[in-house]
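Here the structure is a predicted model, which means the values were calculated and not measured. Sequence positions, counted from 1, serve as the residue numbers for this chain.
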Amino acid sequence: MTAPSSAGHRHGTGPVRTDGADASDGPDRLPPIRPAYNRHTWKEIAHLLLNLPVAVFGFCYAITVLTVGGILTLTVVGLPLLALSLLGARQLGKLERARARALLGVRVEEPSPLPPARGEGAFQRLWMAVKDPVGWRTLLYDAIRLPWGIFTFCTVLTLLFVLWPVLPYLARGLANVDRAMVRALLSPSDELERRIAELESDRGVVVDTAAADLRRIERDLHDGAQARLVNLAMGLGLAKEKLLEDPDTAAAMVAEAHGEVKLALQELRDLARGIHPAVLTDRGLDAALSSVASRCTVPVKVTVELADRPAAAIEGIAYFTVSELLQNVSKHSGARSASVDVWRAQDRLLIQVQDDGRGGARLDGGSGMRGLADRLGAVDGLFAVASPAGGPTVVTAELPWRDREE
């Protein structure tokens with residue numbers, strides 16, 4: 001009979017297993033004793049018992065708002081009353097989210113507040129409050145909660161005295177239903193919140209862009225055509241004084257003033273072209289982009305495949321996008337040739353500008369591409385740059401297609 005191995009004994013320990021592990025670590029070890037009614041269970045029970053009084057109040061509020069507000073909308077006071085009631089519903093939803101956070105541990109973000117009034121009329125502000133989806137979803141939540149509140153209150157109160165051993169498990173199931181209802185009706189829509197944030201950001205970009213364009217036009221007028229016109233007026237004044245004394249000098253000054261007029265007119269034409277070129281209005285993108293390409297320092301092939309013209313705003317953004325990109329080709333690319341392709345794909349207007357230059361273009365490279373990306377993003381457009389070192393550079397822009405209103 002073989003003696004037991006000394007490896008199976010450990011000093012100062014209890015029973016050992018033949019695989020060297022303590023018996024206390026084995027699968028037959030009982031789990032530690034835990035209270036059936038722990039802190040989380042009591043919170044869930046409290047939430048379920050509070051469902052009845054909260055549901056009664058919310059149901060009465062929702063039914064009163066829908067009934068009285070619906071009837072009074074036929075009168076002058078109906079719309080303001082309904083708007084105030086929906087604002088109140090927002091506050092009820094806020095209290096319900098706080099109760100769910102405290103008792104159920106549900107982390108629900110607060111919906112975005114109504115946008116502040118920015119000079120709209122009183123009717124527009126009231127209509128915005130009446131259309132508030134957060135208030136309407138809260139009213140729906142309050143309207144359907146009464147039967148559920150009665151059921152949970154009666155069930156939990158009965159089981160608390162009759163079948164209390166199974167109450168923790170049933171309370172967890174009922175509380176999960178409450179959690180689902182809070183998340184479904186009282187939580188903000190992720191897509192809606194994202195869209196609101198995008199629109200707020202885009203609105204800021206549009207305002208900043210418009211302000212920058214106005215400053216540019218003012219600067220160009222002040223430093224260009226206005227200065228030339230001031231010099232022209234002074235020159236004509238001096239020519240008038242010398243007209244009788246020194247006709248030859250006066251004639252030379254008039255000739256110089258005539259040249260200033262031509263330069264001033266050219267600057268005004270350039271400025272008008274920068275605001276909105278006449279060729280774009282009269283003949284569309286094909287002719288306007290061909291005109292821009294003719295001023296580029298490298299040969300540019302322009303291909304425009306559009307059966308119809310887009311809306312004027314989209315057409316203008318497309319024109320200035322290509323114009324800015326071709327200026328970058330002239331100034332920074334060192335290219336020998338470039339191409340511009342414009343076409344429509346379903347509900348999108350696509351633009352692609354390519355050159356065989358040195359590459360390395362980036363959105364943060366200081367060439368104005370960041371501004372172009374922001375402008376396109378403000379109208380739900382896209383802007384992508386592929387420009388590896390050594391070239392070629394391919395810039396793709398997308399704009400939403402909107403039909404032109406005749």
Side-chain angles (χ1 to χ4, degrees), residues 13-19 21-67 86 88-111 133-193:
T13 62
V16 297
R17 294 171 55 184
T18 57
D19 57 0
D22 286 340
S24 59
D25 295 333
D28 55 347
R29 180 186 176 188
L30 294 176
I33 298 176
R34 296 187 180 93
Y37 288 85
N38 57 18
R39 178 169 57 92
H40 300 292
T41 301
W42 282 114
K43 284 185 175 182
E44 292 174 345
I45 293 174
H47 185 276
L48 295 171
L49 292 175
L50 285 174
N51 274 350
L52 180 59
V54 172
V56 169
F57 179 80
F59 180 82
C60 293
Y61 183 87
I63 295 301
T64 303
V65 166
L66 295 175
T67 304
L86 288 169
R90 268 182 168 259
Q91 299 306 313
L92 290 181
K94 185 177 181 180
L95 293 176
E96 277 294 274
R97 284 187 291 272
R99 185 167 75 101
R101 279 194 298 269
L103 298 179
L104 298 182
V106 178
R107 303 298 175 185
V108 177
E109 297 294 332
E110 294 294 329
V134 176
W136 284 109
R137 283 193 298 166
T138 305
L139 286 182
L140 176 62
Y141 176 86
D142 291 333
I144 66 176
R145 290 279 294 176
L146 183 58
W148 177 250
I150 295 174
F151 174 75
T152 56
F153 179 83
C154 296
T155 302
V156 171
L157 191 62
T158 302
L159 293 180
L160 192 59
F161 294 99
V162 178
L163 295 175
W164 59 267
V166 301
L167 179 57
Y169 306 100
L170 187 60
R172 173 58 54 87
L174 296 176
N176 285 339
V177 176
D178 267 332
R179 291 183 178 98
M181 294 176 69
V182 170
R183 291 192 180 99
L185 294 176
L186 297 183
S187 62
S189 170
D190 293 339
E191 181 66 21
L192 179 61
E193 293 294 305

* How long is the gap from CG on L103 to CD1 on I45, to the nearest 0.5 Å? ->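 Separation between the atoms: 11.5 Å.
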Any non-hydrogen side-chain atom of [X] less than 4.5 Å from a side-chain atom of [Y]?
X	Y	value
F153	L49	yes
V156	N51	no
N176	R179	yes
W148	T152	yes

Pairs of donor and acceptor atoms involving the side chains of residues 90-97, under 3.5 Å and at least two apart or interchain, shall be tabulated with distances.
| residue | atom | partner | partner atom | Å |
| --- | --- | --- | --- | --- |
| R90 | NE | D132 | OD2 | 2.5 |
| R90 | NH1 | S112 | O | 3.4 |
| R90 | NH2 | S112 | O | 3.1 |
| R90 | NH2 | D132 | OD1 | 3.2 |
| E96 | OE1 | R99 | NH2 | 3.2 |
| E96 | OE1 | Y141 | OH | 3.0 |
| E96 | OE2 | R99 | NE | 3.0 |
| E96 | OE2 | R99 | NH2 | 3.3 |
| R97 | NE | E110 | OE1 | 3.1 |
| R97 | NE | E110 | OE2 | 3.4 |
| R97 | NH1 | L186 | O | 2.9 |
| R97 | NH2 | E110 | OE1 | 3.0 |

* Who passes salt bridge (charged side-chain N to carboxylate O under 4.0 Å, His left out) against D178, sequence neighbours left out? ->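 Applying salt bridge (charged side-chain N to carboxylate O under 4.0 Å, His left out) to D178 gives R145.
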* Asked: Step by step, would you call T41 with N38 a side chain to side chain contact (heavy atoms under 4.5 Å, CB included)?
  -> CA-CA 5 Å; T41 301; N38 57 18; 2.8 Å; yes
* Any residue meeting side chain to side chain contact (heavy atoms under 4.5 Å, CB included) with L170, in chain and number order, not counting sequence neighbours ->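 So L170 forms a side chain to side chain contact (heavy atoms under 4.5 Å, CB included) with T155, L159, L174.
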Looking at every non-hydrogen atom in both residues, tell me the closest pair between [X] and [Y] and how far apart they are.
X	Y	value
L146	A55	CA-CB, 3.9 Å
L48	A175	CD2-N, 4.2 Å
G135	L86	C-CD2, 3.8 Å

* Output all residues satisfying ring pair (Phe, Tyr, Trp, His ring centres under 6.0 Å) with W42, sequence neighbours left out; order by chain, then residue number. =>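 Partners of W42 by the ring pair (Phe, Tyr, Trp, His ring centres under 6.0 Å) criterion, ordered by chain and then number, come out as Y37.
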* To do: Kindly indicate, with the supporting measurements, whether the criterion side chain to side chain contact (heavy atoms under 4.5 Å, CB included) is fulfilled by I150 and L52.
  => CA-CA 6 Å; I150 295 174; L52 180 59; 3.6 Å; yes
Compile the donor-acceptor pairs under 3.5 Å between side chains in residues 60-67 and protein atoms, sequence neighbours left out, one pair per line.
| residue | atom | partner | partner atom | Å |
| --- | --- | --- | --- | --- |
| Y61 | OH | S85 | O | 2.7 |
| T64 | OG1 | C60 | O | 2.6 |
| T67 | OG1 | I63 | O | 2.8 |

* **Set of side chain to side chain donor-acceptor pair (under 3.5 Å) partners for R172, sequence neighbours left out** =>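 Here the qualifying residues are E44.
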